[in-house]
Amino acid sequence: MRRILLLLTAVLAALAGLVVLPATPSLAASAPASSTGQRWALKVNGKYVTTEVNDSGDQKGKLRAVSTSRTSLETFTLHTDNIDSVGYGTTVSLRNEENGLYVTSEAGYTGVQAGMLRARGTNTGSWERFYVVPQGGNEYALKSAANPDLFISARFNATGDDAGLLRPYATSVGSWERFTFEPVGGTGATTDPPVPTATASGRHDIASWNVCANNNKSAECKLKFASGETVGDQVAAGLAGSLNHRPEAVFFQEICEKAVKPLELQLESRLGGGWDVRFAPTYYQVIDYTAGRPVDPSLKAQKNCMDSDGTDRGAFGIALAVKDTNTWYRGYTLTSPDRKEQRPALCAALPDDGAVYCNAHFSSGSYFVDGVQQGDDPDGTARRQQAERFRAVVDGFPAGYTPFYGGDLNTTTGDVSLLSPLYNSRQECGQSGPDGPHTGAPTDGNNKIDYIFGPAGPAYGCEVVDPGLSDHRLLHATVTF
C-alpha cells in the first residue's frame, strides 16, 4: 500500500505552501472499498444524472439530470438484497460513487419535491429499492418500491435548483422517464497486462480460504454478520497464527466488500510488508418484476452482504491479497445459471515477480437441507463451464507469466472431472505429481472443495489448517522450482 508516499507528498506540499486535500474528506468513512464491481452512469433525455453532494441540509445529495459529462458524481453501482419469498434481483439499489451512499426516494417529502431521489442512505430498505422496467432499445423505466404506482421522472420543466430533479411523478412512460445504463468501467484494468520483467523462480507460497463472513448459520462460521473491522482483524490473525509467516498471495471467498480495507491494514500489521487487497462482487441478474425474467444479460446488480443490525457491509464476493507492487487486476463474471448467483473470478498480475494470481468461487453443487435439495448447479453443467472459462482467463496472460490459481470450486474429488480443464498441463497442490490422483485433505467438513493450481513439474507442498473461524479450513500451498 502507498500511504507513506501519499503522506510524504502531503508533507512536501505543506512545506511548499500548498494545501493538498482528498477529493471528499468528509465522506471518506462512507466511501465504498475499491472493487472491480461494474459502474454505471444513468442518462435520460440526453442528460446524465448527477448527485448534488455540495447542497446542504435536506437537499444534500439530491439527483438531477443536468450533466453533460461523467465523473464520480454521475457514477453508480447497482446492488440487490434479499426480499422474503422473492429473493435477489427483483429490486436494485443505486450507490453513488462519490459519497458511497444509497439513493433514497424521500417518501416523507411533500409538494414539488415529493419522493425526490437523494444519495443519502446508509443501508437498503424500501425507500432505497427500485424496480427496473424494460422499455425496449436498452431503455428502462424506474419505480420506487416505496411508491410503485408512479414512474421516476426527470422534471425538466422545473426551474432553479429543481431543474431535472428525479422523483416519482409519472403514470406513464415518456422521454423523461426513459433511462439508459451506460457502463463506465469498474471491472479493473481495461488494458492488457504488462509484459513480465522477471521469471518466477524459487519458492512460491499461496493460501486460499473461504472465510464464511456473510450470514451462514453454521456454528463454525464465527464471522457471520461481523463488521469489516472485526473480519479484517480476525482473518489476518487467523492467517498469522496458522502460517507463522507471510504468504505471497491469499485467495479469499465469502467476504464482504467493506472488510477489504480493514483486512489490508491488518495483513500489513500482522504479517508485514505492503499489501493490496482487491475485491470482486457476486452478481444477480436484474429481474423485470412484471415478467419474472432477466431484463438484459448484461445488466447485473451486486449481491449485498446481509446484516442483522442495519449496518451496511457492502457487496458480497471474493478478494485477492497480493503485494502492493500490483497495478494490474481485473474481475470477471463466470457463466452461471439464470436467476442464481453470478459467480466471480479475480486476477492480479505481478510483472516484477513474473507471476499472476487468479481466485474464483464456483456455483454450489447439490446438497440437502431438511431433506430438500439445494444448490445452484446440481448436475455440474455450470461448474464445468466455469472451469473452462476460468482456465481461458488464466491462459490469456502474456507469455512469461507463471499462473497460480484456484479458490473455492465447490467440487469434491468424487466429481473432480468437472474441473478437468484446470488440470490440463497444470498441477494441483493435493496431487503427488502432475499425473497423480486428484486427492487431498478435506477443506470443508469431510470434503475437499478448495484448490490451488500451479505449473506442472515443480515440487509441491500442500497443507490444510484450521484457524477456527469458518466452516472451511485454510488451504496452503508451496511451489518450489
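Residues take their numbers from the sequence shown, with the count starting at 1.
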N-O pairing of Glu97 and Arg39 below 4.0 Å: yes

Under 3.5 Å side-chain donor-acceptor pair for Asp81 and Thr124: yes

Ion pair Lys258/Asp312, N-O distance below 4.0 Å: yes

Mutual orientation of the aromatic rings belonging to Tyr405 and Phe390 [parallel < 30°, tilted 30-60°, perpendicular > 60°]: perpendicular

Side chain to side chain contact (heavy atoms under 4.5 Å, CB included) assessment of Trp209 paired with Val235: CA-CA 9 Å; Trp209 191 12; Val235 168; 3.9 Å; yes

Residues Arg383, Asp377: salt bridge by 4.0 Å N-O rule: yes

Modelled atom types, side-chain donor and acceptor of Asn326 and Arg278, under 3.5 Å: yes

Thr104 versus Glu128, side-chain donor and acceptor atoms under 3.5 Å: yes

Residue list, ring-ring contact (aromatic ring centres under 6.0 Å, His included) with Tyr48, at least two apart or on another chain: none

Any donor-acceptor N/O pair, Gln386 side chain to Ser363 backbone, under 3.5 Å: yes

Aromatic Tyr284 / basic Lys303 pairing, under 6.0 angstrom, 45° off normal: no

Under 3.5 Å donor-acceptor, Ser336 side chain and Arg343 backbone: yes

Residue pairs passing the ring-ring contact (aromatic ring centres under 6.0 Å, His included) test where at least one lies in residues 368-387, sequence neighbours excluded: none

Closest non-hydrogen atom pair, Phe404 against Pro455: CE2-CD, 3.9 Å

Carboxylate-amine/guanidinium contact Asp450 Lys448, below 4.0 Å: no

Pairing of Arg426 and Asp395 as salt bridge, 4.0 angstrom limit: yes

Side-chain (Asn215) to main-chain (Met306) donor-acceptor, under 3.5 angstrom: no

Side chain to side chain contact (heavy atoms under 4.5 Å, CB included) between Phe251 and Ile206, intermediate numbers included: CA-CA 8 Å; Phe251 308 156; Ile206 304 101; 3.8 Å; yes

Arg246 NZ/CZ over Trp275 ring centroid, <6.0 Å and within 45° of normal: yes

Donor-acceptor under 3.5 Å (Arg389 side chain, Leu334 main chain): no

SB check Asp338 Arg293 (cutoff 4.0 Å): no

Atom CG of Asn446: over 12 foreign heavy atoms under 6.0 Å: no

Tyr357 and Glu248 side chains, donor-acceptor separation under 3.5 Å: yes

Donor + acceptor pair across side chains of Arg313, Asn304 (<3.5 Å): no

OG1-OH distance between Thr199 and Tyr401, expressed to the nearest 0.5 angstrom: 11.5 Å

Verdict with supporting geometry, Phe316 and Glu254, side chain to side chain contact (heavy atoms under 4.5 Å, CB included): CA-CA 7 Å; Phe316 169 82; Glu254 295 193 23; 3.7 Å; yes

Short side-chain donor-acceptor distance under 3.5 Å, Ser218 and Asp471: no

Residue pairs involving residues 452-470 (criterion side-chain hydrogen bond (donor to acceptor under 3.5 Å, both in side chains); sequence neighbours excluded): Glu463-His476

Check: Arg473 side chain, Val464 main-chain N or O, donor-acceptor pair, under 3.5 Å: no

Any donor-acceptor N/O pair, Gln253 side chain to Asn210 backbone, under 3.5 Å: yes

Residue pairs passing the side-chain hydrogen bond (donor to acceptor under 3.5 Å, both in side chains) test where at least one lies in residues 224-233, sequence neighbours excluded: Ser227-Thr230, Asp233-Arg270

Nearest non-hydrogen partners of Ala145 and Tyr131, listed with the distance: CA-CE1, 3.8 Å

Short side-chain donor-acceptor distance under 3.5 Å, Thr51 and Glu98: no

Aromatic ring pairing Phe453/Tyr451, orientation class (parallel under 30°, perpendicular over 60°, tilted between): parallel

Donor-acceptor pair between Thr282 and Gln342 side chains, under 3.5 angstrom: no

Heavy-atom closest contact (Gly430 atom, Cys462 atom, distance): N-SG, 3.7 Å

Residues Tyr88, Arg339; criterion side chain to side chain contact (heavy atoms under 4.5 Å, CB included); working and verdict: CA-CA 8 Å; Tyr88 292 90; Arg339 302 205 62 172; over 6 Å; no

Polar side-chain atom of Glu74 near backbone of Ala41 as donor-acceptor pair, under 3.5 Å: no

Non-hydrogen atoms of Leu350 and Lys323 that approach each other most closely: CD1-CG, 3.8 Å

Closest approach of Pro281 to Thr36 (non-hydrogen atoms, all atoms of both residues): CD-OG1, 3.9 Å

Nearest atoms (heavy-atom pairs only) where Ala198 meets Asp352: CB-O, 3.2 Å

Exam field: side chain Gln234 to backbone Val231, donor-acceptor pair closer than 3.5 Å: no

Of all pairs that satisfy side-chain hydrogen bond (donor to acceptor under 3.5 Å, both in side chains), the ones with a partner from residues 235-245, not counting sequence neighbours: Asp205-His245

Donor-acceptor under 3.5 Å (Asn99 side chain, Gly61 main chain): no

Phe76: partners by ring-ring contact (aromatic ring centres under 6.0 Å, His included), with sequence neighbours left out: none

Main-chain N/O of Leu409 paired with Thr411 side-chain donor or acceptor, under 3.5 Å: yes

Approximate separation, where rounding is to 0.5 Å, of Ser364 OG and Asp408 CG: 9.5 Å

Exercise: do Ser269 and Gln266 side chains pair donor with acceptor under 3.5 Å: no

